Amino acid sequence: MQKYLIQGGSRLTGDIRVQGAKNSSLPILAATLICTGESVLHNCPDLLDTEYALKILKYLGCKCRREGGTVTVDTTAIARSEVPDRLMREMRSSIIFLGAIASRCGACRLSFPGGCEIGQRPIDLHLSALQQMGMQIEEDHGYLNCSIDGGFHGANILLSFPSVGATENVILAAVKAKGTTVITNAAREPEIVDLAGYLNRCGAKISGAGEGTITIEGVEVMQPCEYSIIPDRIVATTYLAGAAMTGGNVQLLGIDCRHLESILPIFEEAGCIVRRYNNAVSLSCDKRLLPVNLIRTMPYPGFPTDAQAPLMAMMSIAQGTTVFVENIFENRYKHAIELQRMGAHIKVEGRVAIVEGIRSLHSAEVSATDLRGGAALVLAALAAEGASEVANVHYIDRGYEQFEQQLNALGAKITRAFCGD
Ligand code: EPZ
């Protein structure tokens with residue numbers, strides 16, 4: 001197990017190029033299975049989660065290679081349509097492979113993805129939608145045996161919640177289905193638009209991605225393609241929060257400001273100076289942060305749940321009280337307990353967290369509890385006085401590429417050590 005040793009008190013200043021979006025790269029890696037041949041994906045972040053996805057593709061028979069930020073996947077020789085438990089357990093969002101494998105192979109067997117640190121992570125919306133498109137599903141000792149006699153057929157799918165993963169699974173099943181599929185109450189995240197962009201370049205006929213209703217006209221032939229993944233809006237938000245908390249001045253390059261429309265106004269309400277450019281944004285903050293009245297997580301284009309933890313760290317040193325309401329996941333405040341060990345004044349009651357800002361956090365030994373909570377603790381340690389430790393860095397490695405290297409290039413003082421050290 002590894003930990004970060006962090007010396008707090010340095011301002012983050014300078015330029016940083018933001019990595020490709022983890023939550024785009026994972027469904028697009030799964031989508032490569034739908035076409036036979038070699039897809040080339042640029043700006044694909046090198047993360048534990050993308051490594052897990054590549055392990056699944058290799059297990060299925062694909063040839064995969066990475067050269068820097070470019071990943072090549074050759075799906076010519078698919079030999080299996082099963083994902084074993086040991087691979088499913090590494091990443092619960094592996095459920096996204098279900099629609100792609102079934103579309104390519106006509107069947108799929110995979111184990112139930114477990115819950116994770118932030119909640120139960122049910123998949124009922126995925127399964128009921130795919131069943132409406134012709135999939136038969138049989139539960140067998142923790143495994144799902146899925147088959148589609150004659151392939152998927154189009155259907156009108158109404159999602160009771162705009163689930164990102166369920167929207168993606170339906171799109172992956174629908175692109176080569178017989179007939180047309182219409183998804184109502186679809187997720188509108190930029191990562192959905194990116195998945196549709198990759199698939200349409202392969203020859204799919206998807207319209208409405210990014211809106212509440214998506215129409216997919218099934219096609220017979222699709223070809224692999226070369227595609228560049230969008231930047232990661234949550235990683236971008238994390239770096240902006242680090243600059244805000246340390247009184248720094250940071251410019252993020254290679255980002256799409258449209259993806260941050262529900263986030264940048266919060267930094268401005270907190271007193272930061274934010275400047276938007278074509279594909280960059282800069283943030284500076286030279287005085288104590290102001291509180292933000294209310295931060296409610298919502299499906300896109302609302303405030304993203306993945307940004308809740310980094311923003312809670314930021315609000316913990318604001319000059320007043322901020323109320324958070326976490327509407328997406330039922331157990332996404334674990335980082336609050338660790339922030340309290342650093343002196344934060346946070347009261348959690350169900351989905352509500354009340355953060356009463358203090359002048360400064362103090363150093364402590366804390367443990368990452370999940371991906372975004374871990375990143376939040378790193379930001380808190382950067383802003384705190386003294387030397388802190390953040391354990392369970394593997395959670396952070398799932399979603400942040402070269403995290404300590406990027407932060408140290410901005411002036412942070414972080415070293416990675418083994419927990420036994
Ligand atoms: C995606 O997860 C992201 N992961 C999550 O990012 C993100 O937090 C989430 O979308 C919301 O934006 C990836 O894209 C790999 P959902 P996903 O299905 O698809 C309920 C990160 O930190 N639900 O939109 O699993 C579910 O319980 C990760 O990068 C059902 O009830 O999210 C949750 O309350 C964390 N039944 C809500 O919907 C279902 O069948 C949102 O889930 C599916 C979901």
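Order of appearance sets the numbers: ligands from 1, and atoms from 1 within every ligand. Only a predicted model underlies this, so the values are computations on that prediction, with no experimental measurement involved.
Among all protein heavy atoms, the one lying closest to atom 32 (O) of ligand 1 is Phe329 CZ, 4.0 Å. Asp306 OD2, 3.0 Å is the protein heavy atom nearest to atom 6 (O) of ligand 1. Atom 36 (N) of ligand 1 has its closest protein heavy atom at Asp124 OD1, 2.8 Å. Counting protein heavy atoms only, atom 11 (C) of ligand 1 is closest to Thr305 CG2, 3.9 Å. Looking from atom 25 (O) of ligand 1 to the surrounding protein, the closest heavy atom is Arg121 NH2, 3.0 Å. If you check which protein heavy atom lies closest to atom 37 (C) of ligand 1, you get Phe161 CE2, 3.6 Å. Of all protein heavy atoms, the one closest to atom 22 (O) of ligand 1 is Arg372 NE, 3.0 Å.
Aromatic ring pairs are classed by plane angle as parallel below 30°, tilted from 30° to 60° and perpendicular above 60°; the pair Tyr4 and Phe403 is tilted.
Of the listed residues (Ile192, Ile234, Asn23, Leu125), the one carrying the non-hydrogen atom nearest atom 40 (O) of ligand 1 is Leu125. When the heavy atoms of Val235, Ile96, Ile328 are ranked by distance to atom 33 (C) of ligand 1, first place goes to Ile328. Comparing Ser163, Ala21, Pro122, Ser93 by heavy-atom distance to atom 27 (O) of ligand 1, the nearest is Pro122.
At a heavy-atom cutoff of 4.0 Å, ligand 1 is contacted by both the backbone and the side chain of Val164.
Considering backbone and side-chain N/O atoms, Glu330 never comes within less than 3.5 Å of an N/O atom of ligand 1. At least one N or O atom of Lys22 sits closer than 3.5 Å to an N or O atom of ligand 1. Residue contacts with ligand 1: Glu168 is placed with no nitrogen or oxygen under 3.5 Å of a nitrogen or oxygen of the ligand (distance criterion only).
Annotation: side chain of Glu38 is not in contact with side chain of Val73 (no heavy-atom distance under 4.5 Å).
Not close to ligand 1: Met298, with no non-hydrogen atom less than 4.0 angstrom away. Ligand 1 does not have Asp49 within reach: every non-hydrogen atom of the residue lies 4.0 Å or more from it.
Of all atoms in ligand 1, listed by their number and element, those nearer than 4.0 Å to a heavy atom of Gly165 are 18 (O), 19 (O).
Protein heavy atoms are absent from the space less than 4.0 angstrom from atom 20 (C) of ligand 1.
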